[in-house]
S.K.: 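Supplied in structure tokens, the structure appears directly below.
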Amino acid sequence: MGSYVPNTLEERKKMLQEIGYSSIEDLFAHIPEEVKLKGELDIPKGKTEFEVRREMEQIAEKNQVFRTIFRGAGAYRHFIPAMVKNVTSKENLLTAYTPYQAEISQGVLQSIFEYQTMICDLTGMDVSNASVYDGATAAAEGVAMCQERKRHKALISGTVPPYVLEVVETYCFGNGMELEVIPEKDGLTDKEYLKEHIDAQTACVYIQHPNYYGNLEDAEEIGEIVHDAGAKYVMGVNPISLGVIKTPAEYGADVAVGEGQPLGLSLGFGGPYLGFMASKEAMMRKLPGRIVGETVDHNGKTGYVLTLQAREQHIRREKASSNICSNQALCALAVGVYLATMGNEGVRQAAVLCTSKAHYLAEELQKIGYKICNKAEFFHEFVTESAIPAEQILKALEDKGILGGYPLDEHHILWCCTEVNTKEEMDQVIRILKEVPAC
Amino acid sequence: MGSYVPNTLEERKKMLQEIGYSSIEDLFAHIPEEVKLKGELDIPKGKTEFEVRREMEQIAEKNQVFRTIFRGAGAYRHFIPAMVKNVTSKENLLTAYTPYQAEISQGVLQSIFEYQTMICDLTGMDVSNASVYDGATAAAEGVAMCQERKRHKALISGTVPPYVLEVVETYCFGNGMELEVIPEKDGLTDKEYLKEHIDAQTACVYIQHPNYYGNLEDAEEIGEIVHDAGAKYVMGVNPISLGVIKTPAEYGADVAVGEGQPLGLSLGFGGPYLGFMASKEAMMRKLPGRIVGETVDHNGKTGYVLTLQAREQHIRREKASSNICSNQALCALAVGVYLATMGNEGVRQAAVLCTSKAHYLAEELQKIGYKICNKAEFFHEFVTESAIPAEQILKALEDKGILGGYPLDEHHILWCCTEVNTKEEMDQVIRILKEVPAC
Amino acid sequence: MLVFEKSRPGRGCDLLPASDVEIYLPEEKDKRELPLHLPELSEGELSRHYTELAKKSHGVNDGFYPLGSCTMKYNPKINEDMASLPGFTEIHPLQPEHTVQGCLEVIGEIENSLCEITGMDRMTLQPAAGAHGEFTGLLLIKAYHESRNDEKRTKILVPDSAHGTNPASAAMAGYKVVSIPSAPDGGVDIEKLREAAGDDVAGLMLTNPNTVGLFDKNILEITNIIHECGGLCYYDGANLNAVMGTVRPGDMGFDVIHLNLHKTFSTPHGGGGPGSGPVGCKEMLSDFLPSYLVEGEETLHLEKPENSIGEMKSFYGNFLVVVKALTYIKTLGREGIPEASQNAVLNANYMMNKLKDLYPMAYDEICMHEFVMSLADLKKNTGISAMDIAKGLLDDGIHPPTMYFPLIVDEALMVEPTETESKETLDDAIAVFRKLYELAETDPEKLHQAPVTTPVTRLDEVNAARHPHLRYEF
Amino acid sequence: MLVFEKSRPGRGCDLLPASDVEIYLPEEKDKRELPLHLPELSEGELSRHYTELAKKSHGVNDGFYPLGSCTMKYNPKINEDMASLPGFTEIHPLQPEHTVQGCLEVIGEIENSLCEITGMDRMTLQPAAGAHGEFTGLLLIKAYHESRNDEKRTKILVPDSAHGTNPASAAMAGYKVVSIPSAPDGGVDIEKLREAAGDDVAGLMLTNPNTVGLFDKNILEITNIIHECGGLCYYDGANLNAVMGTVRPGDMGFDVIHLNLHKTFSTPHGGGGPGSGPVGCKEMLSDFLPSYLVEGEETLHLEKPENSIGEMKSFYGNFLVVVKALTYIKTLGREGIPEASQNAVLNANYMMNKLKDLYPMAYDEICMHEFVMSLADLKKNTGISAMDIAKGLLDDGIHPPTMYFPLIVDEALMVEPTETESKETLDDAIAVFRKLYELAETDPEKLHQAPVTTPVTRLDEVNAARHPHLRYEF
């Protein structure tokens, strides 16, 4: 077996003797016999590093790594600069706890302060927290933070990804907020429905932009409807899109949230990702989670600390604005490194490439008879309809090592392009699909 | 193109102006026009990180990575603990130059001091240098350092690996030492020939242990012959073998050298590897290359410095004992980490596993009709003879993703087993070879 | 210096090639007009910047880190290697099931092991952290009662010594929190518990060993009281590192638990996350588990429990963290898992015994994996607080214990050495603790000034909260 | 503390499984009897040990490193990633050629690029370092003359300003070294060169720009003189970073050169290695090149030149270092390679001009990628030596310039900023240099004490050499 206990059996014995015990069992003797485990744990025996490495590698090989991916739907393969992994591998950052002791945690704290600044800059908002678990929980927390004594209804657009809707539902099941879904109409939030159903009990309206189908919503107009009703406007945004698309601030959002995975995090079968949350100044103290602030030390030197902790559970306990305790600090570090390495030009370029490639692929698919369902402007995802069963289309691509779009149903596929998809790859998709018989 | 120049064009212009120039060309104006390059370099245009990564990955994929390897012959696939890469990736160690400024280089210097200690301990010798390029150049330097005014002949066993012999030859072509090869007899150094040809001009005798064919030489007896003639005894050793096999010190060697690659360095298509060199105290000042010594600072605190530099080229110039200037510090670090992580038990265990597995495979091969050519005790390599052409045998293995032994000629194969070769893998080899028709 | 202050217009890295298709830009009405102020630095400058940040951070790799309740054990290198395999990192969460059999095996295998270690029947890997797990667990309890139309259960009982997340999670799940005082021995006050237990109680949240580092011997009685009143028992797994292989929460009467893989199972904390907070439960709750469970023998597939509470986050949890934890469990295995706990307890008792003549222990008896000392007397006598001692430790390269927790102990310092520390490290730390005590008595002013060797000295937290400065202003 | 001092018997890591075959042990006579004293530490302890060592080391990542003649430019991250691809690291050097086409492509492609950059016809990647390359190049010269039965050529001419490796390499190749004095302008003294040139001269070793940072304008005359006497011209590529894309050694009349990939082509130095010292040559020498060259179009293969001098080391050089350099060349390419050189020269001239009012330059004219200042006057006036200034820099986090080289300049400090440093870094360093000069004049004693912020202060090197203590004694 492997072990990370340094002390040898003799040393342990010596330690026990020094403090007056003769065996390890003595230290557990006060535990009632009735609750003690009889016999050994029924798990495999421990293994050496050599064996574990082999086993884990063999498990990993049972997965298929697709060289080419046209699937998004919430998780995106983007280019990740080498700098990102380089920085997140630095052990003083990797193996630290939450920076409770600010004096020896300035590195972590500064990286979060920089992250907060970048998220504010990217979204146009005033204040960002230090990150939450992922985009879906960010949406749920974003909705929850809008709850007011007299407003406990949330309206959520039917064009948000299904798993986001489900997470918001779960959180509402917990906190008792009432949830109503605004139906989808032509791939967009039904504004008429919204107008009719928003009322004085409505705490907030949540939409996603671009939405699940890749479409840009009439985000500004929706914002006006929301604000006219005195509710808060929460927008979920794809951070890469913000390189060219209007910010939630420009659309009038009060709270902006989103999935940070596209900003330098690997697909990783769904996690760890990162949820970003930013708001207007006015809602600062309602933001859940860690927040880092700048201050000075006894000598007047600039430094950073966890701040506004009065909102948090370890002070307020059951009165806290959320129970969230850890953030995704290492992921926030990755996002910070990603954004700093890409810079203004890089982020803009990634956004332009994403949307340009998506439009190229959509056009080429259309040429070979696929119907593009998007009626509105779309960013880097779009939906096709085809008489050929989605299963058959995707199978043809999979056979060539390509992960095609995400099947929404038997005949609809949600495609995604990012800057890593080359024209060559897209042309290959078209060549392959041309050969797929129409049933 | 990619660029690592931080200053923008404007900043460069500003810098030029500040120092009184108007363009970069001004700084090159004094170079005679006749020697200046006309036009651009004829190399491909620069590329972005995204493109370079793709290109290099595609190149790497043109190589075949064998999951199972039974080939050694100078380069060995051993188990490398995760700790090794972890430490050699630490950038303060990775990106440092030779530790000329000891005060800010104690990390590098201490790691070399520890390496030197471990090499001495492993080989049983008194003094080690900080490493040289690889095992073959270590052999050549080991031979060269024995040269004396009246002794300039080197005898080298015909059982050393061919490339080691060739490197020693090249070095002798340079320094003018006379080189004579002691013929091989039954896979061993011909002791009778040695006795007859060793004389008062002989500076040293070099043998390798285990030798190219995996055999253990009569190393002690050879040492006695060498010393009786007043010559120096230089032994090349496989460092893993020293976990169970006698040390060069125990066999009476004056100088011990070897290839350090088995101690935690990847195969890497042949490099970078590391040559270790250790000697008896008496020859300390003849050892080429960097050496680190312990000393104290102005406050009496222990510290480490490059020392005995009076032997070296930057002081002695043409009178230096060698021109060697860099060592393989990062590889020495890797070796140090490897040995510290493996510890006494690990190194011994690796050695025992290597030789046990090799003997198992040899026995199994014998059972299916392969002749084992080794008449002496062998460590982890051995030679088979078979009527079936080596090419055919190896092709059959290659088809199953196995890199078989190294073909010495049409019918002889040099096999190697290490601790990473499982019984299952060896049994698979036997199953495959059973199916290879005898021509 | 902030990365923004190092930025110069026009600098940068060359990462992406020009477009190989026609450029498409969104319509004017959706085009971003707000300027971007992301940093513009060359790669070399970025590299130095982050090198500098790393130097100003202290991890487990840098030294002893006895942060109570946080289980800062060593993070093995092999775990990181395994979580970096492209066969894990490059897998899209929505790939077809037959192309992710390895990922499903990871989830299925760790579920089995963790269920066995905890005595639970099923477990979800979806929760992203401990608090997220608590919330999940409470929703299971809620769903359970709702499924039985047992609508009157609106309260969750939480001991006053509990982690702050417990009441906060209960509140998030819509429960009223009832605080149960601790008995003088640090355990649950059984009488008070009995009084509180009624048909309006949905459940009890408890950690055992509790937050004062003691094993509550009345545990079976406690869980029994709750069960008898129709409530369920939730186990906060933060302290599991004390008892693996000795006691299983499932055998103590707990119905649902969360674990912290980033504590007990050695995955690094990353400066605050990502963590992983799997939630396990007994059979009767498993049908409410969120997300998907791995089912099947030969071919694995994902199946959503019929009455699932839904999704707690997107996809299947912090998968790459789970990979690290599985690597750890495979390494330690049947013998190593109990060994870890035993030595965590040994190390804690060793330190406690070597300090208790100077530092009064809040409860002077055999502790489990951590112990709590109270510096109330020291503070009264010398003016030196728990905070001062903590800051003094910084100058000796030791990360301080958890300060001022649990709330029921005055001037508390909570020390958790973990099993991966050597006797020498403990002895060194003991010596430092003793030295600081002496300093408190001889030169308290010096301790008030600590730390002096850190990149910054004590920071003005009050001012930070009063005048929030939460981002760089361009 | 040394790793041996932290070792405790019986501790360790669990790395290898028990044998799955029968244990075989060598015969008694060959069994090791000497005890082993390798360190025995747990993984956590090892990790902290090496973390500690890393903290006591200063790399390019940590700060400005203007170490003259060493070209401490930034080491790009992508290079490291590429050299870690299993498709490179896991390849056995003796695999069949059809299974190593990628490796051969790396070697073939970098040969082409480096030949074009240097104006050479062929190049071997086998030499492991600069000095190794020099030795190789000299053996080529030797083989060339021998092949023409031109046996009388026993001398190699080397300027007195040359790197110490030049004469040492010449000696290793069996040559007598004739030192050529420098002219007052720092260049080769043409008259002295003419006098030395004769039919006993095998060749000249030169670097241009030379070690005082100046481009020798007489270069064509110099190489001509050597060629006319029947000798060959060897180019020491240590200073190539100054002229890429502007001047090619091949066009200056050089017949053979070595490069330092770990300087000019951005591969990290690793604290002293591994480097890589490819040797290029003109057509007439290529048949003597050591090792194998990559040939072929579609399918690549290795071919040994017919009259090869043999092998310089095992296999094909420090291959993984070559992978890094190729990654760099692909990144910079046609435009980036000259840009690098131009900015190396700009940065050097900028610093020189901002310092020369205080620090006398050994040669006050346009420098190339580095410049040399002489502190002889300062030393006379204040007692502050080049060494003192160097040590003073350490306290400001700057790695000192090369000290006391070249030998022809008294109290020399040789500064090579490289192109990857920003204007701000240069300005900061200039300010520090100026501050130290002032300190030398106002408080020399303080400078004699420097450094004071480093893990150790100045070390006793004399004692180290006099009483060599080269290993830990158990």
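Predicted model, so just to flag it, every value in this text is computed and none were measured. In the text below, chain A, chain B and the rest are named by the order of the sequence lines, each starting its count at 1.
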S.K.: What part of D:Phe315 gets closer than 4.5 Å to chain B, counting heavy atoms only: side chain, backbone, both or neither?
M.R.: side chain

S.K.: Classify the side-chain pair D:Glu116/D:Ser113 by whether it contains a donor and acceptor separated by less than 3.5 Å.
M.R.: no

S.K.: Under the side chain to side chain donor-acceptor pair (under 3.5 Å) rule, what do D:Ser57 and B:Asn92 come out as? Steps first, then yes or no, please.
M.R.: CA-CA 6 Å; D:Ser57 179; B:Asn92 350 28; over 6 Å; no

S.K.: Under a 4.5 Å heavy-atom cutoff, which of D:Pro274, D:Pro451, D:Gly130 has the most pairs with chain B?
M.R.: D:Pro274

S.K.: Are the charged groups of B:Arg12 and D:Glu339 less than 4.0 angstrom apart, N to O?
M.R.: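 D:Glu339 and B:Arg12: salt-bridged.
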
S.K.: Is chain D contacted by the side chain of B:Tyr97, its backbone, both, or neither, given a heavy-atom distance below 4.5 Å?
M.R.: both

S.K.: Taking only Lys NZ, Arg NE, NH1 and NH2, and the carboxylate oxygens of Asp or Glu, determine whether B:Glu55 and B:Lys47 approach each other closer than 4.0 Å.
M.R.: yes

S.K.: B:Met284, B:Gln64, B:Lys357: which one forms the most heavy-atom pairs within less than 4.5 Å of chain D?
M.R.: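 Of the options given, most contacts go to B:Gln64.
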
S.K.: For D:Ala170, is it the side chain, the backbone, both, or neither that has a heavy atom closer than 4.5 Å to a heavy atom of chain B?
M.R.: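 When you check distances to chain B, no heavy atom of D:Ala170 falls under 4.5 Å.
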
S.K.: Using non-hydrogen atoms only, which part of D:Glu52 is less than 4.5 Å away from chain B: side chain, backbone, both, or neither?
M.R.: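 It is neither, since no heavy atom gets under 4.5 Å.
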
S.K.: What option among D:Ala171, D:Gly310, D:Cys70 has the most heavy-atom pairs under 4.5 Å with chain B?
M.R.: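 Most heavy-atom pairs within the cutoff with chain B belong to D:Cys70.
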
S.K.: Is the backbone N or O of D:Val456 less than 3.5 Å from a side-chain atom of D:Thr454, with the two atoms forming a donor-acceptor pair by type?
M.R.: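 Between the backbone of D:Val456 and the side chain of D:Thr454 there is a qualifying donor-acceptor contact (under 3.5 Å).
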
S.K.: Using non-hydrogen atoms only, which part of B:Thr307 is less than 4.5 Å away from chain D: side chain, backbone, both, or neither?
M.R.: side chain

S.K.: With chain D as the partner, which of B:Lys45, B:Lys301, B:Glu166, B:Gln106 has the greatest number of non-hydrogen pairs under 4.5 Å?
M.R.: B:Lys45

S.K.: Examine whether an atom of B:Val305 lies under 4.5 Å from a heavy atom of chain D, and if so say whether it belongs to the side chain, the backbone or both; otherwise answer neither.
M.R.: side chain

S.K.: Heavy-atom distance under 4.5 Å to chain D: side chain of B:Met342, backbone, both or neither?
M.R.: both

S.K.: What part of D:His163 lies closer than 4.5 angstrom to a heavy atom of chain B: side chain, backbone, both or neither?
M.R.: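 For D:His163, the backbone is the part near chain B, not the side chain.
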
S.K.: Between B:Leu308 and D:Pro468, what is the shortest heavy-atom contact and its length?
M.R.: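 What the structure gives for the nearest pair is CD2-CG, 3.9 Å.
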
S.K.: Can a side-chain donor-acceptor contact be found between D:Gln101 and B:Asn63 if the only test is distance below 3.5 angstrom?
M.R.: no

S.K.: With a 4.5 angstrom heavy-atom cut-off, which part of D:Thr402 approaches chain B: side chain, backbone, both or neither?
M.R.: neither

S.K.: Does one side chain, of B:Gln328 or B:Ser131, offer a donor that lies under 3.5 Å from an acceptor on the other?
M.R.: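 No donor-acceptor contact under 3.5 Å links the two side chains.
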
S.K.: Could you have a look at B:Ala73, B:Pro81, B:Ala75, B:Gly303 and say which one has the most heavy-atom pairs with chain D under 4.5 angstrom?
M.R.: B:Ala75

S.K.: Taking B:Leu41, B:Val108, B:Leu330, B:Leu37 one by one, which has the highest count of heavy-atom pairs under 4.5 Å against chain D?
M.R.: B:Leu41

S.K.: Side chain, backbone, both or neither: which part of B:Tyr4 has a non-hydrogen atom closer than 4.5 Å to chain D?
M.R.: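 Both backbone and side chain.
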
S.K.: Is the CD atom of D:Glu22 crowded by more than 12 outside heavy atoms at less than 6.0 Å?
M.R.: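 No, because the 6.0 Å sphere around CD of D:Glu22 holds 12 heavy atoms or fewer from other groups.
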
S.K.: Salt bridge check, D:Lys313 against B:Asp134: does any charged N sit closer than 4.0 Å to a carboxylate O?
M.R.: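 A salt bridge is present here (some side-chain N lies under 4.0 Å from a carboxylate O).
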
S.K.: What part of B:Tyr273 lies closer than 4.5 angstrom to a heavy atom of chain D: side chain, backbone, both or neither?
M.R.: both

S.K.: Given heavy-atom pairs under 4.5 angstrom as the criterion, report whether the side chain, backbone, both or neither of B:Met118 touches chain D.
M.R.: both

S.K.: Taking atom CD1 of D:Ile366 and atom NE2 of B:His30, what is their separation to the nearest 0.5 Å?
M.R.: 6.0 Å

S.K.: Using non-hydrogen atoms only, which part of B:Glu294 is less than 4.5 Å away from chain D: side chain, backbone, both, or neither?
M.R.: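 Both parts, heavy atoms under 4.5 Å.
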
S.K.: At a 4.5 Å cut-off on heavy atoms, which part of B:Val292 comes close to chain D: side chain, backbone, both, or neither?
M.R.: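 When you check distances to chain D, only backbone atoms of B:Val292 fall under 4.5 Å.
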
S.K.: Should B:Glu103 and D:Arg458 count as an ion pair when the cut-off is N to O under 4.0 Å?
M.R.: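 Answer for the salt bridge query: no.
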
S.K.: Could you tell me which portion of B:His359 (side chain, backbone, both or neither) has an atom closer than 4.5 angstrom to a non-hydrogen atom of chain D?
M.R.: side chain

S.K.: Top residue by heavy-atom pair count (under 4.5 Å) with chain D, among B:Phe269, B:Phe66, B:Tyr163?
M.R.: B:Phe269

S.K.: Are D:Gln95 and D:Thr99 linked by a side-chain donor-acceptor pair shorter than 3.5 Å?
M.R.: yes

S.K.: What verdict does the side chain to side chain donor-acceptor pair (under 3.5 Å) test give for D:Asn61 and B:Glu91, after you've listed the backbone C-alpha separation in whole Å, the side-chain angles of each residue and the deciding distance to 0.1 Å?
M.R.: CA-CA 7 Å; D:Asn61 261 74; B:Glu91 287 173 328; 2.9 Å; yes

S.K.: Can you confirm whether or not the ring centre of D:Phe135 sits under 6.0 Å from the ring centre of B:Tyr171?
M.R.: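 Yes: the rings meet the under 6.0 Å criterion.
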
S.K.: Where on D:Leu470 is there a heavy atom nearer than 4.5 Å to chain B: the side chain, the backbone, both, or neither?
M.R.: both

S.K.: Regarding B:Arg77 and D:Glu90, does a basic nitrogen lie under 4.0 Å from an acidic carboxylate oxygen?
M.R.: yes

S.K.: So which of D:Lys391, D:His399, D:His58 actually passes side-chain hydrogen bond (donor to acceptor under 3.5 Å, both in side chains) with B:Gln101?
M.R.: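 Answer to the side-chain hydrogen bond (donor to acceptor under 3.5 Å, both in side chains) test with B:Gln101 among D:Lys391, D:His399, D:His58: D:Lys391.
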
S.K.: Any Lys/Arg nitrogen of B:Glu114 or D:Arg471 sitting under 4.0 Å from an Asp/Glu carboxylate oxygen of the other?
M.R.: no

S.K.: Under a 4.5 Å heavy-atom cutoff, which of D:Asn75, D:Ile117, D:Val3 has the most pairs with chain B?
M.R.: D:Val3

S.K.: For D:Phe474 and D:Phe4, what are the C-alpha separation, side-chain angles and deciding distance, and is it a ring-ring contact (aromatic ring centres under 6.0 Å, His included)?
M.R.: CA-CA 8 Å; D:Phe474 296 102; D:Phe4 310 105; 5.4 Å; yes

S.K.: So for B:Leu242, is it side chain, backbone, both, or neither that comes closer than 4.5 Å to the heavy atoms of chain D?
M.R.: both

S.K.: Please rank B:Val87, B:Leu94, B:Val52 by heavy-atom pairs under 4.5 Å with chain D and give me the top one.
M.R.: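 Most heavy-atom pairs within the cutoff with chain D belong to B:Leu94.
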
S.K.: Name the region of D:Leu394, side chain, backbone, both or neither, that has any atom closer than 4.5 Å to a heavy atom of chain B.
M.R.: side chain

S.K.: Quick one: what part of D:Tyr50 sits under 4.5 Å from any heavy atom of chain B, side chain, backbone, both or neither?
M.R.: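 Both backbone and side chain of D:Tyr50 come within 4.5 Å of chain B.
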
S.K.: Using heavy-atom distances under 4.5 Å, tell me whether D:Met172 contacts chain B through its side chain, its backbone, both, or neither.
M.R.: both

S.K.: Do you know which of D:Asp20, D:Thr51, D:Leu138 has the most heavy-atom pairs under 4.5 Å to chain B?
M.R.: D:Asp20

S.K.: So what's closer than 4.5 Å to chain D heavy atoms on B:Phe173: side chain, backbone, both or neither?
M.R.: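 Both backbone and side chain.
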
S.K.: Could you tell me which portion of D:Ile78 (side chain, backbone, both or neither) has an atom closer than 4.5 angstrom to a non-hydrogen atom of chain B?
M.R.: side chain

S.K.: Select one option (side chain, backbone, both, neither) describing which atoms of B:Leu403 are under 4.5 Å from chain D's heavy atoms.
M.R.: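 For B:Leu403, side-chain heavy atoms alone lie under 4.5 Å from chain D.
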
S.K.: Going by an N to O cut-off under 4.0 Å, is there a salt bridge joining D:Glu27 and D:Lys31?
M.R.: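 Judged by the 4.0 Å cut-off on N to carboxylate O distance, D:Glu27 and D:Lys31 do not form a salt bridge.
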
S.K.: Can you tell me which portion of D:Pro290 sits under 4.5 Å from chain B's heavy atoms? Options are side chain, backbone, both or neither.
M.R.: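 For D:Pro290, no heavy atom lies under 4.5 Å from chain B.
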
S.K.: Heavy-atom cut-off 4.5 Å, strictly under: side chain, backbone, both or neither for B:Ala130 against chain D?
M.R.: neither

S.K.: Please determine, among D:Thr420, D:Asn463, D:Thr327, D:Asp251, the option with the most heavy-atom pairs under 4.5 Å with chain B.
M.R.: D:Thr420

S.K.: Under a 4.5 Å heavy-atom cutoff, which of D:Gln449, D:Glu105, D:Glu40 has the most pairs with chain B?
M.R.: D:Glu105

